[in-house]
Asker: 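Here it is, the structure in full.
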Amino acid sequence: MIKVALCGIGRMGSYHLAIHEKLAAENEDIRIVAICDVEAHKLSGGGTAKVNLSGAGIASHYNDYRHYTDYDEMLRSESLDFVDITLPTYLHCDAAVKALEKGIHCLCEKPMALSPAECARMADAATRSGRFLMIGHCLRFWREYVYLKHCVESGVYGQVRGAYFWRGGFQDHVKNPSWQDWIITKEKGGGALFDQHIHDIDAVRWLFGAPEAVSVCARTVFPKSANDIVSAAYHYGDKVVTALDDITYKGVPFSYGYKVNFEQATLEYRDNVLKVYAGDGTVFTPAYDDALTPSDDAYYNEIRYFYDCVRSGRKPDAVPLSDSAAAVSLALAETESAARGGAAVVVNH
């Protein structure tokens, strides 16, 4: 029996809880035993945004689990195999290390942390404990991004000439604020560059390897935040790669996607549909057949994968800790470039 607890039952935590409930219904060896949040009303589903981000449904069994408002108490009181941490970024390091030091496997939301020192501390705790720590870089489990990765690695359409990634949209931080405004507070969430743009930072490295340097133009809009609008150019020499993120749009629904130009085709992922524009003039949506993406719900794929790793004792190599730490280092290089007015910053490999 894999006994799991979740810490942080905000918007992302409620999404994760819905997926754990779905997986528990599918697998007799999964048991959700506890949920934890400092705001007690969230433990019964109160005050949590009921937005179905993942497709897994809405969490509905809050009161079936033991409730904790103190994470340390939960770790002391429960016998756990796996903790899912969906806390604000500045709390990731301490929460993960505490779980690992108690011999508990840990899935932790992205980004890994806000500094290389914290990343190193987390990785060291995982090594010393012999338990797994995986960071939730969900694009690695997103069918359309996994297909893109296949095309890059296989060369089926030749080499990549250029790639453009984007994400952003409106979120009302007044009517629907994050806890303590952490998402738009530099010291707690790192601003859009760390909280949201980090998805594309990791994807760029995963797809193309580490760039030689990065040049970033950015603007801070929210008073306590940092780099809420980000335009990043990655230096590769043989290809042009850029990524844009903007969390300050007015009223525009959140969207994301990519357009990648290969020698023999262009792949465009927009409005949740991937199209391949082949050199012979045909246009099609590819079929997906990959063991890493059994579902069109990336969060389901990610959490199911980690359960499989815990169950089998197989290291979660789909998201190496070294890559998650490198994404944080690249985010810091982007922050430096933005502070220097877009000057190129060499990336430490």
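Residue numbers count from 1 along this sequence.
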Asker: Would you indicate whether the side-chain heavy atoms of Ser231 and Thr242 approach each other to under 4.5 Å?
Answerer: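 Thr242 does not reach Ser231 side chain to side chain.
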Asker: Establish, yes or no, whether a centroid distance under 6.0 Å links the rings of Phe82 and His105.
Answerer: no
Asker: Report the C-alpha separation of Tyr305 and Phe141 in whole Å, then their side-chain angles, then the decisive distance to 0.1 Å, and conclude whether the ring pair (Phe, Tyr, Trp, His ring centres under 6.0 Å) test is met.
Answerer: CA-CA 9 Å; Tyr305 170 79; Phe141 300 89; 5.4 Å; yes
Asker: Output yes when Asp202 and Arg205 qualify as a salt bridge under the 4.0 Å nitrogen-oxygen rule, no when they do not.
Answerer: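 A salt bridge is absent here (no side-chain N lies under 4.0 Å from a carboxylate O).
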Asker: Drop me the distance from Phe306's CZ to Cys108's SG, to the nearest 0.5 angstrom.
Answerer: 10.5 Å
Asker: I'd like to know if the side chain of Ser178 reaches the main chain of Ile183, judged simply by a donor and an acceptor atom lying under 3.5 Å from each other, with no hydrogens or angles considered.
Answerer: yes
Asker: With a 3.5 Å cut-off and sequence neighbours excluded, list the donor-acceptor pairs that the side chains of residues 89-100 form with protein atoms.
Answerer:
from, atom 1, to, atom 2, distance (Å)
Tyr90, OH, Gln180, OE1, 3.3
His92, ND1, Glu109, O, 3.3
His92, ND1, Pro111, O, 2.8
His92, NE2, Leu87, O, 2.8
Asp94, OD1, Arg121, NH1, 2.6
Asp94, OD1, Arg121, NH2, 3.4
Lys98, NZ, Asp72, OD1, 3.0
Lys98, NZ, Asp72, OD2, 3.3

Asker: For Arg140, is there an ion pair with Glu302 - N to carboxylate O distance below 4.0 angstrom?
Answerer: no
Asker: Contact between Ile2 and Arg311 at the side-chain level, heavy atoms closer than 4.5 Å - yes or no?
Answerer: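 Side chain of Ile2 against side chain of Arg311, heavy atoms only: contact under 4.5 Å found.
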Asker: Working to the nearest 0.5 Å, report the span between CE of Met134 and CG of Leu321.
Answerer: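 Here the rounded value is 10.0 Å.
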Asker: Show me the side-chain donor-acceptor pairs of residues 213-227 shorter than 3.5 Å, one per line, residues at least two apart or across chains.
Answerer:
from, atom 1, to, atom 2, distance (Å)
Ser215, OG, His235, NE2, 2.8
Thr220, OG1, Asn227, N, 2.8
Ser225, OG, Asp228, OD1, 2.6

Asker: Taking only Lys NZ, Arg NE, NH1 and NH2, and the carboxylate oxygens of Asp or Glu, determine whether Asp195 and Lys110 approach each other closer than 4.0 Å.
Answerer: yes
Asker: Is any side-chain heavy atom of Leu139 closer than 4.5 Å to one of Phe165?
Answerer: no
Asker: Can you confirm whether Glu28 is buried at CD, in the sense that more than 12 heavy atoms of other residues, nucleotides or ligands lie under 6.0 Å from that atom?
Answerer: no
Asker: What residues, two or more places apart in sequence or in another chain, satisfy side-chain hydrogen bond (donor to acceptor under 3.5 Å, both in side chains) together with Asp37?
Answerer: none
Asker: Walk me through it: do His67 and Tyr62 pass the test ring pair (Phe, Tyr, Trp, His ring centres under 6.0 Å)?
Answerer: CA-CA 9 Å; His67 292 179; Tyr62 291 89; 8.0 Å; no
Asker: Could you report the tightest heavy-atom contact between His197 and Glu334, atom names first, then the distance?
Answerer: NE2-OE1, 2.7 Å
Asker: Between Lys3 and Glu78 (salt bridge meaning N to carboxylate O under 4.0 Å), is one present in this structure?
Answerer: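 Salt bridge absent between Lys3 and Glu78.
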Asker: What's the spacing between Ile247 CD1 and Ile184 CD1 if we round to 0.5 Å?
Answerer: 7.0 Å
Asker: Is the side chain of Asp290 donor-acceptor paired with the backbone N or O of Leu292 at a distance under 3.5 Å, no angle test?
Answerer: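 The answer is yes, because a donor-acceptor pair under 3.5 Å joins these two groups.
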